[in-house]
Structure formats: structure tokens, C-alpha cells
Amino acid sequence: MNWITNVVRPKIRSILRRETPENLWIKCPDSGQLVFYKDVENNQFVIPGSNYHMRMGAAARLKSVFDNETWYDIALPEVAADPLKFRDERKYADRIKDARTKTGMNDAIKVGYGKLDGLGVVIAVQDFDFMGGSLGMAAGEAVVKGLELAVEKKSPFIMFAASGGARMQEGILSLMQMPRTTVGIQMLREAKLPYIVVLTNPTTGGVTASYAMLGDVQIAEPGALIGFAGARVIEQTIREKLPEGFQRAEYLKAHGMVDMVVHRHELRPTLARLCRVLTKAPAAPSTSMPKPIIPDAPALDAIPAAPSA
Amino acid sequence: MRSYLDFEKPVAELDAKVDELRTLAATGSDIGDEISRIEEKASQALTDLYANLSPWQKTLVARHPQRPHLADFVTALITDFTPLAGDRKFGEDNALVGGFGRFRGESICVIGQEKGSTTESRIKHNFGMARPEGYRKAARLMEMADRFGIPVLSLVDSAGAYPGVDAEERGQAEAIARSTDVCLQLGVPNIAVITGEGMSGGAIAITTASRVLMLEHAIYSVISPEGAASILWRDSAKAQEAAINLKVTAQDMLRFGVIDEIIKEPVGGAHRDPVALISDTGDAIAHALDELRHLDPATIRNQRRQKFLGIGRKLV
């Protein structure tokens with residue numbers, strides 16, 4: 001089975017590579033309070049107290065969703081390197097090299113196959129730390145590969161989106177990832193398998209204008225910035241101030257663009273429940289949360305958990 | 001009234017000289033030889049200039065105010081054209097025009113951006129920048145065409161989807177994604193012609209086609225050169241450099257396998273002889289349709305999907 005490159009097991013702590021030293025205090029971007037980094041990490045990167053959802057790396061995300069924090073890393077197709085020979089203030093070739101060193105990833109999307117509450121699922125995660133999660137040929141191929149694998153495995157496909165949009169340094173070939181990923185979604189649709197999108201902070205541009213908005217179910221994390229055009233571009237166009245909460249997850253929900261805004265701590269059971277219901281699998285006793293819920297979490301904007309059979 | 005782009009200055013000067021001599025000739029001076037000599041020189045200068053346009057110069061040509069727009073193509077190529085309006089959900093968007101008619105006798109669905117050609121019509125068409133309603137109307141018309149087995153022609157010319165609060169709150173991103181989705185689902189052939197600017201998501205929403213044709217001096221890009229310059233160079237004045245780096249020309253697109261064919265423009269660009277250009281475009285559309293017309297819906301759909309999946313894979 002050549003798509004398995006690496007079984008990620010819980011004991012093998014694969015490079016949890018936040019550049020922040022583990023013993024550091026960090027400042028909540030929302031409330032300004034100082035919190036101990038380790039506490040944030042242990043809380044799925046949600047700031048205790050303010051409930052601000054920080055960005056989450058791809059490996060941490062997969063770990064937070066799969067059963068037993070275990071999954072298969074899926075080998076992703078190789079793509080042409082720097083086809084445009086792009087150079088702005090720096091060479092694209094150098095930028096991408098730096099991003100690889102910084103993140104330990106090959107490109108912005110990681111794909112895993114594993115169990116979610118006992119049900120096989122394919123999960124793709126876009127990592128904003130890798131060049132703003134930008135959608136280039138590698139990321140496009142990763143999404144296509146993930147969708148193809150889901151079809152092969154007859155399993156749901158879950159996409160955690162986080163991106164500034166298209167990777168400009170790959171020019172038109174980056175734009176082509178919009179129709180290319182859509183082809184993959186159509187194959188999944190024809191196989192009658194569910195496609196669930198989780199929009200995380202931020203998801204914008206060509207990513208929202210393609211696979212990130214085509215889910216059967218659209219979930220957003222609280223406070224996530226989600227939109228097509230950047231706020232600055234819009235402000236310059238209309239020359240007025242943007243409305244309060246503009247392009248935030250809650251705003252999208254109010255405008256009918258997402259099904260639900262779900263606190264990160266409720267994400268795993270929500271996804272598990274949806275996957276099971278949509279594939280007509282029998283209800284499973286919900287697995288416990290990988291991390292404890294902090295007591296003062298606000299009322300969740302999600303469906304109440306149904307009693308398990 | 002001729003209008004010249006900045007880089008056409010040498011040609012403009014020669015043309016002005018010809019005009020001047022003509023006025024003189026009208027007063028009786030025998031300078032016919034001199035006039036034809038300079039005319040020839042002007043024509044040669046134009047030919048040389050357009051044989052080697054830089055990506056930025058092409059950008060300017062692609063945006064030329066007198067460049068033929070959707071209305072010109074439809075008037076010349078489509079009979080019985082019946083525009084249809086509205087997305088049946090919220091509103092009508094004049095930036096993206098659509099309707100049904102006949103192309104060389106056969107039924108066709110036409111969709112595309114119209115930039116407008118006068119101040120009044122530019123405002124009416126929002127400079128060709130569509131809102132979600134435009135893309136939802138396009139999707140509605142394409143689905144109708146699919147139901148009736150009628151091919152779709154997209155005429156693409158837009159600086160991008162409209163970036164506004166209203167567009168965002170009504171789901172600009174979703175509307176674009178869904179329109180691309182519909183393009184890929186069609187069991188009828190669709191032909192896209194990038195006539196001017198094919199910018200970003202606003203373009204791809206209707207350019208995801210069985211055959212993508214592009215005018216010789218049109219541009220196609222993930223972001224405008226100015227946009228890339230202000231983000232990557234943090235200086236919008238670096239647009240020329242961005243245009244070079246982004247590889248926006250039809251010739252680049254053909255090389256990358258992103259488009260299927262280039263439609264040659266008259267010397268000096270489409271706006272210097274729109275009639276000839278539109279007629280050639282019609283021939284190219286007819287040729288593309290002839291190749292696809294006999295195929296069954298599953299084959300058409302599959303070929304389109306495979307074509308897009310294949311883009312970029314050969315570059316490895």
C-alpha cells in the first residue's frame with residue numbers, strides 16, 4: 001500500500017514544532033491576558049478563559065481528531081517546483097525552502113487516514129504556517145489525493161481549511177487548483193460520500209471560492225475570518241468602514257453561509273456524529289474528548305449531543 | 001477617434017504626421033508618395049511593436065477601452081439572442097450577462113462579463129465585476145443549457161469578482177465555487193474565450209471549460225499585476241515586474257497547458273480591427289464546437305475533468 005508513508009502513533013511525538021518555546025507565556029490576541037503556552041497547547045490551542053481559538057498546526061489537528069491520536073500519513077504526489085521561476089523581493093524557490101525548514105512540512109496540506117469514533121475517515125489539514133496555507137499545485141494535489149483516497153476507502157472526507165488564498169508565486173497554475181479540487185469533490189459526491197469542511201482562521205480567497213465552500217456540511221470555528229476578498233481591498237473599493245464582525249464565522253452563519261459554528265472542544269464529537277449519521281453507520285458511544293473541557297467554556301453553538309444507543 | 005496607449009507613441013507620431021500631410025495634400029500639394037512612405041513606416045512600427053509586446057503592454061492592450069467587449073461579440077456572432085435575467089434567489093447582476101440564441105444557426109447559451117463602453121454603461125455593468133447574483137445566474141443558465149442539450153459559450157473579460165460588503169454577505173466565494181462546480185458537471189460542451197482580462201476566481205467561475213481559447217493579447221492570471229505587486233513587492237508601482245513574473249500572457253498559458261488555443265489578433269490589437277477579430281473568434285468557436293458536438297454527455301464531462309486534472313502534471 002504505497003499511500004502509507006508513515007503510521008503516526010501517539011508515542012512517536014512527531015515534531016510538535018511551534019516556534020514558541022514550551023515554557024513561555026503568550027498573550028491572548030483577543031483579551032490581552034497572559035497565558036502559559038503549555039496550558040494553551042494542552043487545551044487544543046484554545047486560550048483558557050477568553051476561548052480565543054489560536055491557529056493549530058496540521059499534525060496537532062490530526063492528533064486532536066483521530067481515535068487514539070493515531071493515523072496513517074498519506075504520501076502526496078510530487079509537483080513541479082517553481083514552474084514560473086517566480087521572483088519578487090526574494091526567489092520563490094528560497095521562500096519555499098524556508099517554509100519547509102520552518103514547518104517540517106513539504107507543503108501546506110497534510111492528509112491522514114484513520115478512525116474517527118471507529119469510522120474510517122480521510123482528513124486533510126491546511127497549515128497556515130506554511131506560506132499562509134496558500135493553495136499551490138502541491139496543496140491542490142493533496143486535496144485531490146485525499147478525495148480520491150476517500151472514494152477508494154468509501155469513507156467521508158473532512159477538510160480543515162486555513163489559507164490566505166491562492167499561491168501567487170505559482171500564478172495561473174495556482175488558480176487551476178480551484179477547478180482541479182472541484183473535480184475531486186465531484187468524484188466524492190458521485191460515490192455518495194460526505195464532504196465536511198471545517199473553516200478555521202483564516203480562510204479566504206481562492207480557497208473559499210472553491211473546495212472550502214463546497215462541503216455538504218460547512219462548519220466554522222468561532223471567530224474565524226472567512227471570506228473571498230480581503231478586508232483592506234473591500235475598504236478601498238467601497239471607501240467606508242466595514243460592519244462589526246464582518247467576515248467572521250458568526251457573521252457567515254447569520255448570513256446562511258455555514259451550518260454551524262463549533263467550539264474546538266466540540267469539534268471531534270460533532271464530526272464523528274455527522275460522519276456516522278451521513279453514512280448511515282450505527283451510532284457509537286461517543287469517544288471521550290482528547291483534552292478536558294475547561295469549565296467556563298461558553299454555551300456551544302452546536303446541536304446537543306443525542307443520547308448514544 | 002483613435003486612442004493610443006503610452007507605448008504606442010512612436011506610431012501615434014507617425015499617424016499624426018500622415019494626418020497632417022493629408023490636410024496639406026487636400027490644399028493641392030503633391031505629396032502622395034511621402035504620405036504612403038510614412039504610412040508604411042507607421043504600419044511597420046505597429047507590426048514591430050505588437051510582435052514583441054511585454055506582459056505589461058499586453059495587460060494594457062487587454063484593458064484597452066476600445067477593445068471589443070461581450071456586446072460586440074454577441075451582436076456579431078449570435079442571432080436571436082435573448083438575454084435572461086436574475087438568479088432567482090436575490091437579484092439581477094448586469095456585470096455578468098447571459099442568455100440564449102443561435103450561433104451559426106445552432107442553439108447556444110452565452111454567458112460572460114460585460115465591462116461597458118461608455119461611462120453610463122460601465123456603471124450599469126459595474127465595470128464587469130460580478131456579484132454573487134451574476135455567478136448564480138450563470139450557474140442557472142448553464143444548468144438550463146445542460147438540460148436542453150445546448151452548448152455553452154463563455155466570454156471572459158473581468159478585472160475580477162466585485163469586492164464589496166454586499167457581495168461578501170451574500171456569499172461571493174460560494175457563488176464562484178458553485179459556478180465552477182456547474183461548469184465541471186455539464187454534459188454539454190462549453191467553450192470559454194478569454195477576450196480581455198481573465199482575472200482570478202471571477203474568471204475561473206466561467207472559464208472551466210471543455211475548450212479554453214484566448215485572444216493573442218488577452219491576459220489570464222490568479223491576481224492582477226497591481227494586486228500581486230502591492231502584496232508581494234509591497235509596492236503597486238512594481239506591477240510591470242509582477243506581470244513578468246506572474247506569466248500572464250496567452251503564450252505562457254499555452255505553454256503551461258492551461259489553454260487550448262490562441263486566437264490571433266489583427267496587427268495593433270483587437271481594437272484596431274474588431275470585425276476581423278470577431279469573425280476569426282467565431283471560426284475558432286465553431287471549430288472547437290465541431291470537435292465536441294457529437295460526444296455523449298458522460299464523455300464530455302469526463303474529458304473536461306481529465307483535462308483539468310492533467311493541468312500541471314506534465315510540468316513535473
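First the proteins, then the strands, lettered A, B, ... as listed; each starts at 1.
Expressed to the nearest 0.5 Å, how far CG of A:Leu214 lies from CZ of B:Arg178 amounts to 5.0 Å. Rounded to the nearest 0.5 Å, atoms CD1 (A:Ile172) and CG (B:Asp252) are 10.0 Å apart. Going from atom CE of A:Met178 over to atom CZ of B:Phe308 covers 11.5 Å, rounded to the nearest 0.5 Å. With values rounded to the nearest 0.5 angstrom, B:Leu309 atom CG is found 5.5 Å from A:Arg180 atom CZ. The distance from the CD1 atom of B:Ile223 to the CZ atom of A:Arg167 is 14.5 Å, given to the nearest 0.5 Å. Atom NE2 in A:His255 sits 14.0 Å away from atom CD in B:Glu174 (nearest 0.5 Å).
Under the 3.5 Å distance criterion, the side-chain polar atoms of B:Arg305 are left unmatched by any main-chain donor or acceptor of A:Val183. Listed for the B:Glu168 side chain is a donor-acceptor partner under 3.5 Å among the backbone atoms of A:Phe228. Panel note: side chain A:Gln186, backbone B:Asp181; a donor-acceptor pair is recorded below 3.5 Å.
The choice from B:Leu246, B:Thr180, B:Asp235 that makes the most heavy-atom pairs within less than 4.5 Å of chain A is B:Leu246. Counting heavy-atom pairs closer than 4.5 Å to chain A, the top residue among B:Lys247, B:Lys307, B:Gln172 is B:Lys247. By number of non-hydrogen pairs under 4.5 angstrom with chain A, the leading residue of B:Leu315, B:Val258, B:Val248, B:Leu184 is B:Leu184. Of all the listed residues (B:Met253, B:Gln306, B:Lys238), the one sharing the greatest number of non-hydrogen pairs under 4.5 Å with chain A is B:Met253. Listed options B:Cys183, B:Ala167, B:Ala228, B:Gly164 were ranked by heavy-atom pairs under 4.5 angstrom with chain A; first place goes to B:Gly164. Of the listed residues (B:Ile231, B:Thr208, B:Val165), the greatest number of heavy-atom pairs within a distance under 4.5 Å of chain A belongs to B:Val165. Of the listed residues (A:Gly184, A:Gly227, A:Pro179), the one with the most heavy-atom contacts under 4.5 Å to chain B is A:Pro179.
With a 4.5 Å cut-off on non-hydrogen atoms, B:Gln185 touches chain A through its backbone and its side chain both. Heavy atoms closer than 4.5 Å to chain B are found nowhere in A:Arg239, neither backbone nor side chain. For A:Tyr251, the part lying near chain B is the side chain, with the backbone staying farther off; criterion is any non-hydrogen pair under 4.5 Å. For A:Gln177, no part sits under 4.5 Å from any heavy atom of chain B, backbone or side chain. Looking at A:Glu89, both its backbone and its side chain come within 4.5 Å of chain B, counting heavy atoms on both sides. In this structure, the portions of A:Leu84 lying under 4.5 Å from any heavy atom of chain B include both its backbone and its side chain. Both the backbone and the side chain of B:Ile311 come within less than 4.5 Å of a heavy atom of chain A. With a threshold of 4.5 angstrom between heavy atoms, B:Ser221 approaches chain A through N, CA, C or O but not through any side-chain atom. The part of A:Met176 that comes within reach of chain B is its side chain, from C-beta onward, which places non-hydrogen atoms under 4.5 angstrom from that chain. Residue A:Phe86 touches chain B through both its backbone and its side chain, counting heavy-atom pairs closer than 4.5 Å. For A:Pro243, the part sitting under 4.5 Å from any heavy atom of chain B is the side chain, from C-beta outward, and nothing else. Using a 4.5 Å cut-off between heavy atoms, B:Ile244 makes no contact with chain A at all. In this structure, the portion of B:Arg170 lying under 4.5 Å from any heavy atom of chain A is its backbone and not its side chain.
Taking a 6.0 Å sphere around CD of A:Glu244, one finds it holds 12 or fewer heavy atoms contributed by other residues, nucleotides or ligands. Taking a 6.0 Å sphere around CZ of B:Arg255, one finds it holds more than 12 heavy atoms contributed by other residues, nucleotides or ligands. Applying the 6.0 Å contact sphere to CD of A:Glu78 captures no more than 12 heavy atoms from other residues, nucleotides or ligands.
In this structure, B:Pro163 and A:Ala229 approach most closely via the heavy-atom pair CB-CB, 3.6 Å. Here the shortest heavy-atom pairing between A:Leu173 and B:Gly312 reads CD2-CA, 4.3 Å. Closest approach of A:Met213 to B:Ala173, counting heavy atoms only: CG-CB, 4.2 Å. In terms of heavy-atom proximity, A:Ser174 sits nearest to B:Val222 at OG-CG2, 3.7 Å.
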Query raised in the report: When you look at B:Asn245 and A:Asp88, which way does the side chain to side chain contact (heavy atoms under 4.5 Å, CB included) test go after all the steps?
Result: CA-CA 8 Å; B:Asn245 274 280; A:Asp88 45 69; over 6 Å; no

**Report entry** Residue pair B:Arg313, A:Glu141: steps toward the salt bridge (charged side-chain N to carboxylate O under 4.0 Å, His left out) verdict
**Finding:** CA-CA 9 Å; B:Arg313 283 187 176 164; A:Glu141 285 289 24; 2.8 Å; yes

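In this structure, A:Thr237 and B:Tyr162 have side chains that are in contact, with non-hydrogen atoms separated by less than 4.5 Å.
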